[in-house]
Every structure is written in structure tokens, then in C-alpha cells.
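Input: a single structure, listed below in C-alpha cells.
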Amino acid sequence: MASISMRHIYKVYPGNVTAVRDFSMEIPDKEFVVLVGPSGCGKSTALRMIAGLEEITEGELYINDRLVNDVPPKDRDIAMVFQNYALYPHMTVFKNMAFGLELRKMPKDEIKQRVTEAARALDIEHLLDRKPKALSGGQRQRVALGRAMVRNPAVFLLDEPLSNLDAKLRASMRTELIKLHQRLGTTFVYVTHDQTEAMTMGDRIVVMKDGVIQQVDTPQNLYDSPCNVFVAGFIGSPQMNFIDGKLLKDDKGYLADIGGEKLRIQPDKVNAEMAAYVDKPVRLGIRPEDIRDDEAFLAEHPESIISAVVEVSELMGSEVYLYLDYKGTRMTARVAANTQSKTGNEVKVGVDTRKIHLFDPETEAAIMN
């Protein structure tokens, strides 16, 4: 088993292009950590540096308290699963899974035992005699996982392993990977651009942008307390709504003025930092599920009602997405399937002020969560 320590790591390519900047984090043994961010944010580069496939320009990488900056990949006790599976097309599934063990001159009976056990765990025992071209995408991905499993590595590195699968298969493979991690009890570092994968799989999530770590936290804390506008907008689907406004204060407390409509901020959300923003611009963030149009909520919260026009109503089965125009600002609301709000309607919606966020419009840092 293994812990990973990354200390002030940089990756600079020729032409002074910095792909990863001052990357520092501790990954304890057996943790499932997900690196997430948009394309080009440096997450795969960070993973490849752990694997030894990219040289570290500056900083130190430790695996189990052993400095591995100059240790070749084969001696790091890691196994990597790639996006494109990287299977040998001329070899059977069995040979693909056994190949790395054969290179290590492992006894044949032990190779057979390890491959059979991994294949049974992944439900691909019946495919061992087939070649990759005869397999579906999901089956190929299981073979790639099995090839990593047979080595009993201390660390699993997975680089967008589900991105080539269809939506239904991705969902089932997410579950399989979570169960696999629990069964193996090894350290997993997983890269994806899909925040749904990150939220459902990771013990902790590392959100990256432009080669820099924005926030490292549990999925729930990232969702509830994003540190800036980028994290708030990246985590959650549909993404958080942002509205520019002004922070006001009266004898009852604080209000957010958004285009003339005032939303009362709940007293238990108030913090000391907000005093500096009174009568100044702020950016309000509100998640789609916290904008409600049901009569019971509107009756209970008359101080948090705004008027908007429904541009598009999208039925998602168990719920409806309302795409709203609020005084020129586009907003999305997730409401119940029995909503009476229809395309073209001017509607009253209530904002759950217990759930709003405030950000500094210039620095984009969180003021209130």
C-alpha cells in the first residue's frame, strides 16, 4: 500500500510553457483522489508525473516516503489505466493481462492464478480467449483494469478511463470502480473532466484550472462551500447561476440587491468579511435546485421572490429544467415535474436564501457560502 506526497511540483515544457504550477498535496494510503478540471488544466500531466511518464521540472514526489523523481516507472509500484485501453490487438485477453507478469519472469502457475482471479472479479473470465477487436468498449476497459490489477500495485493511476464509453456503461463502470477500490484497498488517483464522475467516486476531489490547484476537499464540501467562482461553476450540474448585484445592510441585517429585487440573507450565513462589501458590487451564486416555483415555498418565503420569463422548459422525466431570463441574466431552475411554468410564461420563482453564495466580482473569491 502507498501514500503519495507531492511537494511544490512544476512542469515546464520548452518555450516556457508551464503545465503544472506549485502542485502540493498529500494523498494518504487507500484514498480515492480525483483530479478534475477542463481540458488543458494540467490534471493528466500531474498524473503522468506520478507515473514517471513525465519528468518533474521542479519539486519533489514521494511514494511511501521514498523520493521517486528519478525512479523509472517500472520501479514505482504503480499501475496505469489509459483512456484508450492500450491493449495489444494481436494478443488474447489472457495474454494482455499476463504480459507484464511474464516480463517479470513470474512463474506460469502464479500468472494463471492472478489473471484468473482478476478476470473473475471483473466478470471477464469468459473472454480470456478472445482478442480485443472482439470486445465491446466496456469489456476492453475491464481488461485494461485487469491488466493493472494482476500486478498488485500500491497505486492505481487512471487517466479518463471511462470517457470512451456510452452514458449507461459509464454509470455502471463508475459503480464497479468504487467497488474495486473498496475490495483492493489500494490508493487510487483518477483523472477526469467529468464532474459527475468526480462527485460520485472521489473521497477527495482536486479541482484544477490552468495548472493550479483551486481547491482540495470532499465532494460535499466542494459543493456546499466552493472557494471561488470557478469551483462553484465547475462543480454541479446544471452549473450554479451567477447574478451581479450589490450588498446592502439595514437594521435587520444584510440584503443582496439584484437588479432592484432584494433578497434577505439569513442571519446564520453572515460573517465578518461581509461588512467590507456593504454598498459594493458582489456576485450572487445560486444553484438551480435552490430556485423554486412551487406555491408552498413561495407562500412561505415572500421576501425571496423574483419575477422571470421562462425561455425554455425542458422535461427531464422526474424534474423540469426551466431556463429563465431575469432582467437580461440567464438562469436555470430545477423544479418538480408537475410545475405549471411553461415556455413564454412570466413566472414568480423563489430563491432559497439559506443556500445562496456571495463572491467578490474582481478576485472571484468566496465571501459567503
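On a predicted model such as this, the values are computed, not experimentally measured, just so you know.
- In the hydrophobic clustering of this structure, Val34 does not group with Ile27; members are Ile, Leu, Val, Met, Phe, Trp, Tyr whose side-chain heavy atoms approach within less than 4.5 Å, directly or through other members.
- With hydrogens and angles disregarded, no donor-acceptor distance shorter than 3.5 Å links the side chain of Arg142 to the backbone of Ile124.
- Arg120 has no carboxylate O lying under 4.0 Å from a charged side-chain N of Glu117, or vice versa, which leaves the two without a salt bridge.
- Contact check on Glu289 versus Lys355 returns no salt bridge, with no Lys/Arg side-chain nitrogen under 4.0 Å from an Asp/Glu carboxylate oxygen.
- Residues Met173 and Leu135 share a single hydrophobic cluster, defined by chaining ILVMFWY side chains whose heavy atoms lie under 4.5 Å apart.
- In plain terms, the two heavy atoms of Ala366 and Phe359 that are nearest each other are CA-CD2, 3.6 Å.
- Contact record, Arg287 with Asn241: C-ND2, 4.1 Å, taken as the closest heavy-atom pair.
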Quiz prompt | From CA spacing to verdict: side-chain contact (heavy atoms from CB on, under 4.5 Å), Ile265, Met368 | solution = CA-CA 10 Å; Ile265 291 170; Met368 181 196 82; 3.8 Å; yes

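- No continuous path of hydrophobic side-chain contacts links Tyr323 to Tyr326 [ILVMFWY only; heavy atoms under 4.5 Å].
- Aromatic ring pairs are classed by plane angle as parallel below 30°, tilted from 30° to 60° and perpendicular above 60°; the pair His90 and Tyr88 is perpendicular.
- The heavy-atom pair separating Asn96 from Met91 by the smallest distance is ND2-O, 3.2 Å.
- Note on ring orientation: taking the six-membered ring where Trp is involved, the planes of Phe234 and Phe230 are parallel (angle under 30°, cut-offs 30° and 60°).
- Heavy-atom contacts from other residues, nucleotides or ligands closer than 6.0 Å to NZ of Lys269 number more than 12.
- Arg66 has no carboxylate O lying under 4.0 Å from a charged side-chain N of Asp75, or vice versa, which leaves the two without a salt bridge.
- In this structure, His181 contributes its side chain and Thr186 its backbone to a donor-acceptor pair below 3.5 Å.
- Rounding to the nearest 0.5 angstrom, the gap separating the CD1 atom in Ile258 from the CD1 atom in Ile243 is 4.0 Å.
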Quiz prompt | Audit row: Asp77, Asn64, side-chain contact (heavy atoms from CB on, under 4.5 Å) steps and yes/no | solution = CA-CA 10 Å; Asp77 199 14; Asn64 265 352; over 6 Å; no

Practice problem: Give the intermediate values and the outcome of salt bridge (charged side-chain N to carboxylate O under 4.0 Å, His left out) for residues Arg292 and Asp294. | Solution: CA-CA 6 Å; Arg292 309 269 295 273; Asp294 52 291; 3.0 Å; yes

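- Val231 and Val282 fall into different hydrophobic clusters, where Ile, Leu, Val, Met, Phe, Trp and Tyr side chains are chained together by heavy-atom contacts under 4.5 Å.
- Within a 6.0 Å sphere centred on CZ of Arg7, other residues, nucleotides and ligands contribute more than 12 heavy atoms.
- With no hydrogens or angles considered, no side-chain donor-acceptor pair links Thr92 and Lys131 at under 3.5 Å.
- Between Glu125 atom CD and Leu127 atom CG the span is 10.0 Å, to the nearest 0.5 Å.
- Residue Glu295 places its CD atom among 12 or fewer non-hydrogen atoms of other residues, nucleotides or ligands, all under 6.0 Å distant.
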Quiz prompt | Steps toward side-chain contact (heavy atoms from CB on, under 4.5 Å) verdict (Thr332, Leu324) | solution = CA-CA 6 Å; Thr332 306; Leu324 307 171; over 6 Å; no

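- Counting all heavy atoms, side chain and backbone alike, Val270 lies closest to Tyr254 at CG1-CE1, 3.5 Å.
- With hydrogens and angles left out, the side-chain atoms of Gln83 and Ser163 include a donor and acceptor closer than 3.5 Å.
- Using a 3.5 Å distance cut-off with no hydrogens or angles, the side chains of His8 and Glu58 do not pair a donor with an acceptor.
- The heavy-atom pair separating Asn228 from Gln214 by the smallest distance is ND2-OE1, 3.0 Å.
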Practice problem: Walk me through it: do Lys11 and Glu55 pass the test side-chain contact (heavy atoms from CB on, under 4.5 Å)? | Solution: CA-CA 8 Å; Lys11 177 62 185 179; Glu55 282 188 17; 4.2 Å; yes

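- Heavy atoms of other residues, nucleotides or ligands lying less than 6.0 angstrom from CG of Asp129 number 12 at most.
- Ile9 and Leu67 are not part of a single hydrophobic cluster, where members link through side-chain heavy atoms under 4.5 Å apart.
- Shown are Glu197, Arg174, Lys43; of these, the side-chain hydrogen bond (donor to acceptor under 3.5 Å, both in side chains) with Thr192 is made only by Glu197.
- Under a 3.5 Å cut-off, the side chain of Arg151 and the backbone N or O of Ile78 do form a donor-acceptor pair.
- Aromatic ring orientation, Tyr190 versus Phe32: tilted (interplanar angle from 30° to 60°).
- Under the side-chain contact (heavy atoms from CB on, under 4.5 Å) criterion, Asp166 pairs with Lys168, Leu169, not counting sequence neighbours.
- Partners of Ser44 according to the side-chain contact (heavy atoms from CB on, under 4.5 Å) rule, which considers only residues two or more places apart in sequence or in another chain, are Asp159, Val191.
- Around the NZ atom of Lys327, the shell of radius 6.0 Å holds more than 12 heavy atoms that belong to other residues, nucleotides or ligands.
- Taking the centre and axis of the six-membered ring of Phe99, the NZ or CZ atom of Arg147 falls outside the cone set by 45° and 6.0 Å.
- For the pair Arg48 (side chain) and Glu54 (backbone), a donor-acceptor distance under 3.5 Å is absent.
- Not a single side-chain contact (heavy atoms from CB on, under 4.5 Å) links Glu300 to another residue, sequence neighbours left out.
- A 6.0 Å sphere centred on CG of Asp65 holds no more than 12 heavy atoms belonging to other residues, nucleotides or ligands.
- Closest approach of Val12 and Thr57 over heavy atoms only: N-OG1, 2.8 Å.
- Counting only N and O atoms by type, the side chains of Tyr223 and Gln195 include no donor and acceptor under 3.5 Å apart.
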